Every structure is written in C-alpha cells, then in structure tokens.
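This report concerns only the one structure given below.
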Amino acid sequence: EDFETVPLHPKKIKKITKKNPIIKVNAKDRNSWMLVEFTTRNTIQISETEAETDKINQSNWDLGFSRTKIISNGGKTNPFGKTGIINLGSIDFDEVKSAPQNGYVQDHRSLGNLINKELAGWYNYRTRTHNIESKRNVYVLKLNNGIFMKMRILNYYCGQKDKECRSMICTREEAACLTIEYVLAQQGSHEFPDTR
C-alpha cells in the first residue's frame with residue numbers, strides 16, 4: 001500500500017533500421033564465378049573455362065564470387081579492369097564517412113590462384129562445425145567505373161545466420177549465398193551518404 005499503483009509508461013524501444021542496400025549473391029557453383037556490378041546490381045555467371053578465355057575481360061563487373069573465393073576486376077584477373085580494395089578491418093560500418101584517396105589493392109596471382117590479399121581473409125573457419133563465419137570487416141572499393149563504395153559481408157548461408165552455425169553443422173547445400181551490405185558514393189565524390 002506504500003507503493004504507487006499507477007503503472008509506469010511502457011518503455012520506448014529504439015528500433016534500429018538499416019537503410020543500406022543489401023545484395024545476395026548465389027556463389028554455390030565452385031566451377032563458375034558470379035560477377036557483380038554494384039552500381040547496376042547486375043550479376044553475370046561465367047564458367048571457369050569462360051573466365052580463362054577472356055570473357056571475364058569483356059563484362060562490366062566489380063567483384064566475382066565462387067564459394068568462399070572473391071576476385072576483383074583488376075590486376076592479374078583483368079589487366080584492363082580498375083577495381084581496387086582496402087580492408088579497414090572490424091570497425092563501425094556507419095562511421096566510415098569517406099573513401100581513402102589511395103592505397104587500393106588489385107588482384108595478383110599466388111600459387112596459381114587469383115586472389116586479392118585485402119579480401120583473402122574475409123571469414124573465420126570453425127573447425128568444430130566446419131562452417132564459415134564472416135569477420136564483418138569493412139572494405140572500401142574503388143569500382144571499375146571509378147565510383148567509391150564501402151561494403152561488408154553479413155552472412156554466408158542461404159537459410160541460416162552465420163552465428164546459428166556456430167553450434168550446429170550447416171550443410172554445403174545451405175552455403176555460399178553471400179549477403180552483402182554496401183553504400184555507394186556519388187560519381188566524383190569520396191564521401192559516403194549518411195543512410196542512418
């Protein structure tokens with residue numbers, strides 16, 4: 001009887017919404033590359049054979065995906081391409097306000113494989129469950145058309161979240177559907193729009 005009987009107002013819960021574009025890339029086929037052009041959201045699938053016969057040089061694209069492998073349209077993958085990447089590490093995505101002026105890395109060949117060293121370690125491999133978990137690092141790219149973009153890989157599985165696969169085995173059939181969050185700068189600008 002000593003306490004107030006008037007109920008407290010319900011607590012307002014701040015709803016966090018992401019307005020950043022998301023693209024899902026089906027990279028399940030290990031014998032082909034899914035090529036993505038981020039400004040148009042176009043995807044093109046080409047086989048390994050087509051990639052080796054210069055079809056990869058004739059398409060407009062920025063990043064190529066095949067299971068856990070990622071290539072960029074530049075350097076040894078395509079000498080005519082201009083895509084370069086900087087790995088900013090595990091930082092707050094929304095706090096990246098502008099793209100660096102220089103330091104963008106293109107693909108090179110290592111032990112016969114095409115790789116971009118900035119993207120090579122984008123995931124952790126869980127030895128207990130044999131599953132892949134994105135480090136959620138933030139990457140800044142100078143795309144093939146000169147536009148700057150920031151991105152991070154949110155998830156690797158089609159029907160499960162990476163964190164759900166820590167305690168259970170997510171099958172190969174469920175793997176290689178990469179969910180990518182990204183923000184594009186305006187043409188000619190290094191500044192990323194605030195989408196919060």
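Given the structure is predicted, the values throughout are model-derived calculations rather than measurements.
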What is the minimum heavy-atom distance between A175 and C158, and which atoms define it?
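Reported closest heavy-atom pair: O-SG, 3.9 Å.
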Mind listing the closest non-hydrogen atom pair of C177 and K28 along with its distance?
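So the minimum-distance heavy-atom pair works out to SG-CE, 3.7 Å.
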Spacing of [atom1] belonging to [X] relative to [atom2] belonging to [Y], to within rounding of 0.5 Å:
X: E181; Y: L154; atom1: CD; atom2: CG; answer: 5.0 Å
X: I132; Y: R67; atom1: CD1; atom2: CZ; answer: 9.0 Å
X: H190; Y: S98; atom1: NE2; atom2: OG; answer: 8.0 Å
X: E133; Y: I153; atom1: CD; atom2: CD1; answer: 13.0 Å

Could you pull out all residues at least two apart from [X] that satisfy side chain to side chain donor-acceptor pair (under 3.5 Å)?
X: N26; result: none
X: Q106; result: none
X: N42; result: T40
X: N116; result: S72, D107

Under the rule for side-chain contact (heavy atoms from CB on, under 4.5 Å), what residues qualify as partners of [X], not counting sequence neighbours?
X: L88; answer: I86, I91, V96, V138, V140
X: S32; answer: D29, Q45
X: M149; answer: F38, L141, L143, M151, Y182, L184
X: N87; answer: E118, N137, Y139

Keeping to residues at least two apart or across chains, list the side-chain hydrogen bond (donor to acceptor under 3.5 Å, both in side chains) pairs with something in residues 140-149.
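Non-adjacent pairs meeting side-chain hydrogen bond (donor to acceptor under 3.5 Å, both in side chains): T39-N145.
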Would you find more than 12 non-hydrogen atoms of other residues, nucleotides or ligands less than 6.0 Å from K135 atom NZ?
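Yes.
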Got a sec: does the OH of Y125 have more than 12 other heavy atoms crowding it under 6.0 Å?
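Yes, enclosed.
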Contact list for residues 97-123, test ring pair (Phe, Tyr, Trp, His ring centres under 6.0 Å), sequence neighbours left out
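Residue pairs passing ring pair (Phe, Tyr, Trp, His ring centres under 6.0 Å), neighbours aside: Y104-F148, W122-Y156.
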Measure the shortest side-chain to side-chain distance between [X] and [Y] over non-hydrogen atoms and say whether it is less than 4.5 angstrom.
X: F65; Y: I180; result: yes
X: R41; Y: P21; result: yes
X: T43; Y: V25; result: no

Quick one: disulfide bond (SG atoms under 2.5 Å apart) pairs with a partner in residues 41-133, sequence neighbours left out?
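Disulfide bond (SG atoms under 2.5 Å apart) check on residues 41-133 returns no pairs.
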Please determine whether residues V36 and I147 belong to a single hydrophobic cluster, defined as Ile, Leu, Val, Met, Phe, Trp and Tyr linked transitively by side-chain heavy-atom distances below 4.5 Å.
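Same cluster.
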Membership question, hydrophobic clusters at under 4.5 Å side-chain separation (ILVMFWY): are I23 and L63 in the same one?
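Yes, same cluster.
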Assess, by modelled atom type and distance only, whether the side chains of E48 and N31 contain a donor and an acceptor separated by less than 3.5 Å.
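Short answer, no.
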Hydrophobic clusters join Ile, Leu, Val, Met, Phe, Trp and Tyr when side-chain heavy atoms are under 4.5 Å apart, directly or via other members; which others share one with I71?
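Cluster partners of I71: W33, L35, I44, I46, I56, W61, L114.
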Criterion side-chain hydrogen bond (donor to acceptor under 3.5 Å, both in side chains) on N73 and N78, from CA distance to verdict
CA-CA 6 Å; N73 190 359; N78 178 11; 2.8 Å; yes
Under 6.0 Å from the six-membered ring centre of F93 and within 45° of its axis: does the NZ or CZ of K150 meet both?
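Judged by the rule, K150 and F93 form a cation-pi pair.
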